[in-house]
Amino acid sequence: MPYVQQVAVGRRECLSVFGNDYDTHDGTGVRDYIHVDDLAEGHICAMEKLMTMDGGCITHNLGSGKGYSVLDMVKAFEEASGKPIAYKVVDRRAGDLGTVVANASKAKADFGWETKRGLKEMCETAWKWQSENPYGYEDGEKDDSRGFRVEGFRV
Ligand SMILES: O=c1ccn([C@@H]2O[C@H](COP(=O)(O)OP(=O)(O)O[C@H]3O[C@H](CO)[C@@H](O)[C@H](O)[C@H]3O)[C@@H](O)[C@H]2O)c(=O)[nH]1
């Protein structure tokens with residue numbers, strides 16, 4: 001996702017897609033992406049649960065149970081940002097799995113948590129932040145070495 005955002009904002013020429021021959025609907029890797037607000041709410045639920053406990057620890061997966069491919073992400077981000085996302089397919093990344101999706105049923109059963117936000121909202125929120133902060137919260141002069149200018153930021 002960060003690399004997709006950086007292409008949209010002009011910091012990267014293109015996204016390298018690590019393989020398109022996985023056993024997935026379009027051949028690219030599938031992951032369970034989560035909106036940062038859902039993740040934060042999940043942590044709050046977990047902390048509230050901990051406060052009811054008499055010590056010990058708990059382990060829960062936080063995710064939607066749904067998977068999106070790299071090219072699903074590219075398409076959704078193009079729609080959210082209105083920018084084309086250039087990409088090229090390169091070799092698989094060593095160690096990558098085709099599909100990784102969370103089972104968050106324990107979080108739902110134990111503290112009623114589940115994701116509320118989908119891919120569209122994730123991309124819209126990410127684009128809002130990235131377009132307002134093209135170089136993150138860092139000083140643009142320190143952040144990139146490729147020496148071109150975007151929206152008034154010198155790098
Ligand atoms: O430039 C890129 C970066 C990623 N991907 C693909 O995008 C998907 C997501 O990649 P990434 O964001 O790196 O997440 P994961 O592959 O799920 O790995 C993350 O999550 C794992 C499990 O928590 C950790 O072990 C890893 O360190 C961490 O990178 C995968 O299909 C990648 O092959 C690309 O095609 N191009």
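Both ligands and their constituent atoms are indexed starting at 1 by order of listing. The first residue of the sequence shown is numbered 1, and numbering continues consecutively from there.
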Any protein heavy atom under 4.0 Å from [atom]?
| atom | answer |
| --- | --- |
| atom 2 (C) of ligand 1 | yes |
| atom 12 (O) of ligand 1 | no |
| atom 20 (O) of ligand 1 | no |
| atom 28 (C) of ligand 1 | no |
| atom 33 (O) of ligand 1 | yes |
| atom 9 (C) of ligand 1 | yes |

* Tell me which one of G19, G67, S16, S69 gets a heavy atom nearest to atom 36 (N) of ligand 1. =>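 Looking at heavy atoms only, the winner is S16.
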
Answer whether the closest heavy-atom distance between the side chains of [X] and [Y] falls below 4.5 Å.
| X | Y | result |
| --- | --- | --- |
| M1 | M73 | yes |
| D37 | K116 | no |
| D72 | K75 | no |

* Taking the inter-plane angle between the rings of F111 and H60 on a 0 to 90° scale, is it parallel (under 30°), tilted (30 to 60°) or perpendicular (over 60°)? ->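 Correct class here is tilted.
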
* Among all protein heavy atoms, pick out the one at the shortest distance from atom 17 (O) of ligand 1; state its residue, atom name and that distance to 0.1 Å. =>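 In this structure, atom 17 (O) of ligand 1 has R31 NE, 2.8 Å as its nearest protein heavy atom.
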
* **Protein residue, atom and distance nearest to atom 16 (O) of ligand 1, heavy-atom basis** =>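 That would be R93 NH2, 2.9 Å.
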
* To do: For ligand 1, note which part of Y3 has a heavy atom under 4.0 Å away: side chain, backbone, both or neither.
  =>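 Side chain only; the backbone of Y3 stays clear of ligand 1.
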
* Asked: Quick one: does ligand 1 sit under 4.0 Å from the side chain of Y68, the backbone, both or neither, non-hydrogen atoms only?
  ->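 Near ligand 1, Y68 shows nothing, with every heavy atom at 4.0 Å or more.
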
* Is it the case that more than 12 heavy atoms not belonging to M51 sit under 6.0 Å from its CE atom? ->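 Check fails, neighbour count at 12 or below.
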
For the side chain of [X] and the backbone of [Y], is there at least one donor-acceptor N/O pair under 3.5 Å apart?
| X | Y | result |
| --- | --- | --- |
| T28 | V70 | yes |
| K106 | T59 | yes |
| R11 | P134 | yes |

* Asked: Can you find a non-hydrogen atom of V70 under 4.0 Å from ligand 1?
  ->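 The answer is yes: ligand 1 sits under 4.0 Å from a heavy atom of V70.
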
* So, does Y33 sit close enough to ligand 1 that a heavy atom of it is under 4.0 Å from the ligand? ->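 Heavy atoms of Y33 do come under 4.0 Å of ligand 1.
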
* **side chain to side chain contact (heavy atoms under 4.5 Å, CB included) partner of Y22, the single match among T99, V30, D96** =>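 When T99, V30, D96 are each tested with Y22, the side chain to side chain contact (heavy atoms under 4.5 Å, CB included) holds only for D96.
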
* Could you say whether the N/O atoms of F18 and ligand 1 ever approach to under 3.5 Å? =>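 The answer is yes, given that F18 and ligand 1 share an N or O pair closer than 3.5 Å.
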
Proximal atoms of ligand 1 relative to [X] (non-hydrogen, under 4.0 Å):
| X | result |
| --- | --- |
| V17 | 35 (O) |
| D96 | 16 (O), 32 (C), 33 (O) |
| G29 | 31 (O) |

* Asked: Can you name the nearest heavy-atom pair linking A80 to W127, along with the distance?
  ->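 Minimum heavy-atom separation between A80 and W127: O-CD1, 3.8 Å.
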
* For the residue pair V7 and L15, what are the closest heavy atoms and their distance? ->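 Heavy-atom minimum between the residues: CG2-N, 3.6 Å.
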
